[in-house]
Colleague: 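Please see the structure below; I have some questions.
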Amino acid sequence: QKDCKTRYTIRQLHRSSGNRTWYGCIYAPNQRPKHISLQTDSKRVAELWLQKMTLAEIMPPSWKREFNDYPLEKAAQEYLLYVQSLHPGCTYKTYKSRIKPCVEFLRNQGCQNLRQITKGVVLKLVSSFPEHRRMTLHERFRSFRLWLRWCAQHYDMTEFNPCEGIVVRVPYDKECEESWSEQDIQRIIDASPSTLYKFFIALMGYAGLRLSEALNLRSEDIRSDTRE
């Protein structure tokens with residue numbers, strides 16, 4: 001009979017290169033192995049992690065959900081390191097600016113571990129978001145939700161989803177929506193350093209295109225008969 005339980009081991013994956021950091025290795029059925037940095041070079045600390053995970057595996061499901069937890073601050077640090085490894089530029093800075101205030105708010109609410117983040121706490125967090133443009137509020141909550149989803153997968157925290165069912169709804173007020181007037185666009189065009197810049201800014205401003213859309217525009221996208 002094939003083993004259907006998750007197995008755990010500890011290894012120093014990069015010892016040959018001089019890195020003595022211990023990693024927790026998770027082997028779940030029908031899934032690719034996962035390696036989690038334990039942020040320590042102490043074998044004793046790594047063995048304590050292994051004992052904890054092995055004990056959690058033989059617990060009843062209801063006990064396991066409560067037992068398998070992770071420190072809030074450490075989870076945020078490791079997630080930002082993960083984002084930085086993938087997107088070291090503006091994307092990392094954007095996520096950092098969105099996640100860190102959320103972590104500070106959660107800490108002020110008494111949350112020290114991830115499982116202390118309940119749906120009620122998330123609702124309080126959303127209501128504390130500063131009044132910005134509608135898209136900013138949605139993106140801030142989306143970044144927070146992606147972080148918790150990453151934590152649930154990365155730390156093997158089953159059924160951890162405090163954002164479930166929460167939808168950010170911001171009343172749309174067209175009069176308060178930020179937009180540029182034709183005079184604003186013309187001033188930017190006049191201050192552009194070259195004809196190419198003037199062309200793209202005018203194209204984006206008057207056609208309502210994003211930069212990527214303007215760069216990918218082709219002649220076949222324009223209908224000469226209707227001038228659209």
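This one's a predicted model, so the numbers in the text were calculated from it and none came from an experiment. The basis for the numbers below is simple: all heavy atoms, side chains too, and nothing from hydrogens, waters or symmetry mates. Sequential numbering from 1 along the given sequence is applied to the chain's residues.
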Colleague: What heavy-atom pair brings Phe105 and Val121 nearest, and what distance separates the two atoms?
Modeller: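 Scanning both residues, the minimum pair turns out to be CE2-O, 4.1 Å.
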Colleague: Short question: side chain of Lys100, backbone of Tyr95 - any donor-acceptor pair under 3.5 Å?
Modeller: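 Judged by distance alone, no pair lies under 3.5 Å.
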Colleague: Are Val167 and Leu137 linked, directly or through intermediate hydrophobic residues, by side-chain heavy-atom contacts shorter than 4.5 Å (ILVMFWY only)?
Modeller: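 Different hydrophobic clusters.
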Colleague: Determine the minimum heavy-atom distance between Ile185 and Gly205, stating which atoms define it.
Modeller: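 Answer, listing the atom of Ile185 first, then Gly205: CD1-O, 3.8 Å.
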Colleague: In the structure I gave you, are the side-chain heavy atoms of Arg142 and Arg145 within less than 4.5 Å of one another anywhere?
Modeller: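 The answer is yes; the side chains approach within 4.5 Å.
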Colleague: In Å and rounded to the nearest 0.5 Å, what is the CD1 to OH distance from Ile99 to Tyr92?
Modeller: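 Separation between the atoms: 11.5 Å.
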Colleague: Would Tyr79 and Leu146 satisfy side-chain contact (heavy atoms from CB on, under 4.5 Å), going step by step from the backbone distance to the final call?
Modeller: CA-CA 10 Å; Tyr79 177 67; Leu146 286 175; 4.1 Å; yes
Colleague: Distance check, rounded to the nearest 0.5 Å: Leu123 atom CG versus Ile166 atom CD1?
Modeller: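 So the CG of Leu123 and the CD1 of Ile166 are separated by 4.0 Å.
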Colleague: Regarding Gln186 and Asp190, is there a side-chain donor-to-acceptor distance under 3.5 Å anywhere?
Modeller: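 Per modelled atom types, Gln186 and Asp190 side chains form a pair under 3.5 Å.
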Colleague: I'd like to check Arg115 versus Phe160 (side-chain heavy atoms, cut-off strictly below 4.5 Å). Are they in contact?
Modeller: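 Touching, per the 4.5 Å side-chain cut-off.
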Colleague: What is the minimum heavy-atom distance between Ser192 and Tyr197, and which atoms define it?
Modeller: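 Smallest heavy-atom distance, with atoms named: CB-CB, 3.8 Å.
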Colleague: Can you find a side-chain donor-acceptor pair between Glu78 and Tyr70 that sits under 3.5 Å?
Modeller: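 Distance-only check passes for Glu78 and Tyr70.
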Colleague: State, with a plain yes or no, whether a side-chain heavy atom of Gln109 is found less than 4.5 Å away from one of Lys124.
Modeller: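 Yes; the side chains approach each other to less than 4.5 Å.
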Colleague: Answer with yes or no whether the side chains of Ser17 and Asn19 bring together a donor and an acceptor at under 3.5 Å.
Modeller: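 Per modelled atom types, Asn19 and Ser17 side chains form no pair under 3.5 Å.
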Colleague: Report yes if the side chains of Leu50 and Thr54 come closer than 4.5 Å at any heavy-atom pair, otherwise no.
Modeller: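 In contact.
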Colleague: Where do Trp22 and Ile36 land on the side-chain contact (heavy atoms from CB on, under 4.5 Å) test, with the steps shown first?
Modeller: CA-CA 9 Å; Trp22 284 92; Ile36 301 174; over 6 Å; no
Colleague: Show me the pairs that pass salt bridge (charged side-chain N to carboxylate O under 4.0 Å, His left out) and involve residues 8-29, at least two apart or across chains.
Modeller: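 Listed by first then second residue: nothing to list.
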Colleague: With the side chain counted from C-beta on, respond yes when Trp49 and Thr40 share a heavy-atom pair under 4.5 Å apart, and no when they do not.
Modeller: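 No, their side chains stay 4.5 Å or more apart.
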Colleague: Looking only at heavy atoms, which two atoms of Ser128 and Leu125 are closest? And how far apart?
Modeller: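 Closest approach of Ser128 to Leu125, heavy atoms only: OG-O, 2.6 Å.
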Colleague: I need the Tyr27 OH to Thr9 OG1 distance, nearest 0.5 Å.
Modeller: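 Here the interatomic distance stands at 4.0 Å.
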Colleague: Taking the side chain from Ser143 and the backbone from Glu139, do they hold a donor-acceptor pair closer than 3.5 Å?
Modeller: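 Side chain of Ser143 to backbone of Glu139: a pair is present.
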Colleague: Indicate the atoms forming the closest heavy-atom contact of Leu203 with Ala214, along with that distance.
Modeller: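 Shortest heavy-atom separation between Leu203 and Ala214 comes out as CD2-CB, 3.9 Å.
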Colleague: Which is it for Glu164 and Lys119 under the salt bridge (Lys or Arg N to Asp or Glu O under 4.0 Å) test, yes or no, and what are the steps along the way?
Modeller: CA-CA 8 Å; Glu164 185 178 7; Lys119 187 173 182 178; over 6 Å; no
Colleague: How long is the straight-line distance from SG of Cys102 back to CZ of Arg140, given to the nearest 0.5 Å?
Modeller: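 One gets 7.0 Å once the value is rounded to the nearest 0.5 Å.
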Colleague: Can you get from Ile10 to Val45 by hopping between Ile, Leu, Val, Met, Phe, Trp and Tyr side chains that sit under 4.5 Å apart?
Modeller: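 Ile10 and Val45: separate clusters.
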Colleague: Once you round to the nearest 0.5 Å, how far does NE2 of His14 lie from OG of Ser37?
Modeller: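 These two atoms lie 8.5 Å from each other.
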Colleague: Please determine whether residues Leu215 and Leu196 belong to a single hydrophobic cluster, defined as Ile, Leu, Val, Met, Phe, Trp and Tyr linked transitively by side-chain heavy-atom distances below 4.5 Å.
Modeller: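 Per the 4.5 Å side-chain linkage, Leu215 and Leu196 are co-clustered.
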Colleague: Can the ring centroids of Tyr155 and Trp150 be said to lie less than 6.0 angstrom from one another?
Modeller: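 Ring-ring flag for Tyr155/Trp150: true, centres closer than 6.0 Å.
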Colleague: Could you tell me whether the side chain of Gln116 reaches within less than 4.5 Å of the side chain of Leu72, counting heavy atoms only?
Modeller: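 Sidechains of Gln116 and Leu72: no contact.
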Colleague: Go through the steps to decide whether Leu106 and Phe144 satisfy the test side-chain contact (heavy atoms from CB on, under 4.5 Å), and finish with yes or no.
Modeller: CA-CA 11 Å; Leu106 295 172; Phe144 175 75; 3.9 Å; yes
Colleague: Out of curiosity, Tyr8 OH to Ile26 CD1, how far, rounded to the nearest 0.5 Å?
Modeller: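 Tyr8 atom OH to Ile26 atom CD1 measures 5.5 Å (nearest 0.5 Å).
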